[in-house]
Amino acid sequence: MRLDRYIASQRTDLSRSDVKALVRRGKVTVNGAAAARADIQVKEGSDTVCVSGEEITYREHVYIMLNKPAGVVCATRDGLSKTVLELVPAELRREGLFPAGRLDKDTEGFVLLTDDGALAHRMLSPVSHVPKKYLVKLEKPCQSETIGIFAAGVTIDGGEVCLPAELEISPDPCVVTLTLHEGKFHQVKRMFISQDNKVLYLKRISIGNMVLDENLEPGKCLEILHKDVEKLLAHS
Ligand code: URA
């Protein structure tokens with residue numbers, strides 16, 4: 001691949017003309033030697049390319065764990081509110097990056113962002129049933145019978161039947177965790193409405209076997225490896 005294309009494909013904050021200018025200034029090295037021109041060929045995966053001393057590791061796709069704060073929307077564009085894409089740092093931004101699955105604007109927690117459409121499709125497919133676990137704070141104490149009702153598949157809004165879901169009630173009965181194997185619109189909120197309760201706070205804490213990093217502050221991103229995302233899909 002041409003050097004300028006290689007760098008621009010990995011760093012959306014650098015255009016191919018930016019790369020050319022950096023090469024002219026001697027800021028780009030390939031295997032330790034300053035690149036003479038921007039159109040030289042490099043081998044992705046084996047040549048070491050650095051810009052201003054910082055290595056540009058080649059990745060075909062990026063996978064990002066975001067701890068979404070409340071008030072941010074899971075969309076690629078929104079006229080009014082901040083989007084999850086605006087929280088991605090420049091070095092992880094890519095053409096075609098999007099959230100693989102949505103959380104409501106007021107929901108916090110784990111959102112997976114990627115530019116790998118095929119993987120996102122597998123993850124979001126209704127037959128994949130990747131489990132998603134939520135921490136829920138409720139207005140009223142959760143009744144222990146709700147565990148069985150959700151495990152049997154609760155009917156919401158007088159007709160829609162949910163897949164069996166696992167509910168755990170903590171020592172404080174207003175705090176529970178709920179694991180879903182599907183993603184109906186506002187599902188957690190609607191499931192508790194069906195039990196005459198109300199969700200006051202909602203946070204997604206895991207997807208598949210991948211748990212939201214507890215050190216990741218709201219609004220911050222962490223790059224995750226492709227093989228770990230594959231493991232996440234292997235759970236179901
Ligand atoms: N269920 C909800 O009600 N909202 C979310 O954001 C996710 C699951």
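No experiment lies behind these values; they were computed from the predicted model shown. Read the numbers this way: they start at 1 and go in the same order the structure lists the ligands and their atoms. The analysis underlying the following values was restricted to heavy atoms, covering all of them including side chains, and did not include hydrogens, waters or symmetry mates.
Nearest heavy-atom pair across Asp78 and Leu80 is OD1-N, 2.9 Å. In plain terms, the two heavy atoms of Leu233 and Met123 that are nearest each other are CD2-CA, 3.6 Å.
Within 6.0 Å of CG in Asp196 there are 12 or fewer heavy atoms belonging to other residues, nucleotides or ligands.
A distance of 6.0 Å or more separates the ring centres of Phe110 and Tyr134.
Not a single donor-acceptor pair under 3.5 Å links the side chain of Asp4 to the backbone N or O of Asp39.
Within 4.0 Å of ligand 1, the residues that place a heavy atom are Leu103, Asp104, Thr107, Tyr134, His186, Gln187, Val188, Lys189, Leu202, listed by chain and number.
When only modelled atom types and interatomic distance are considered, Glu60 and His226 share no side-chain donor-acceptor pair under 3.5 Å.
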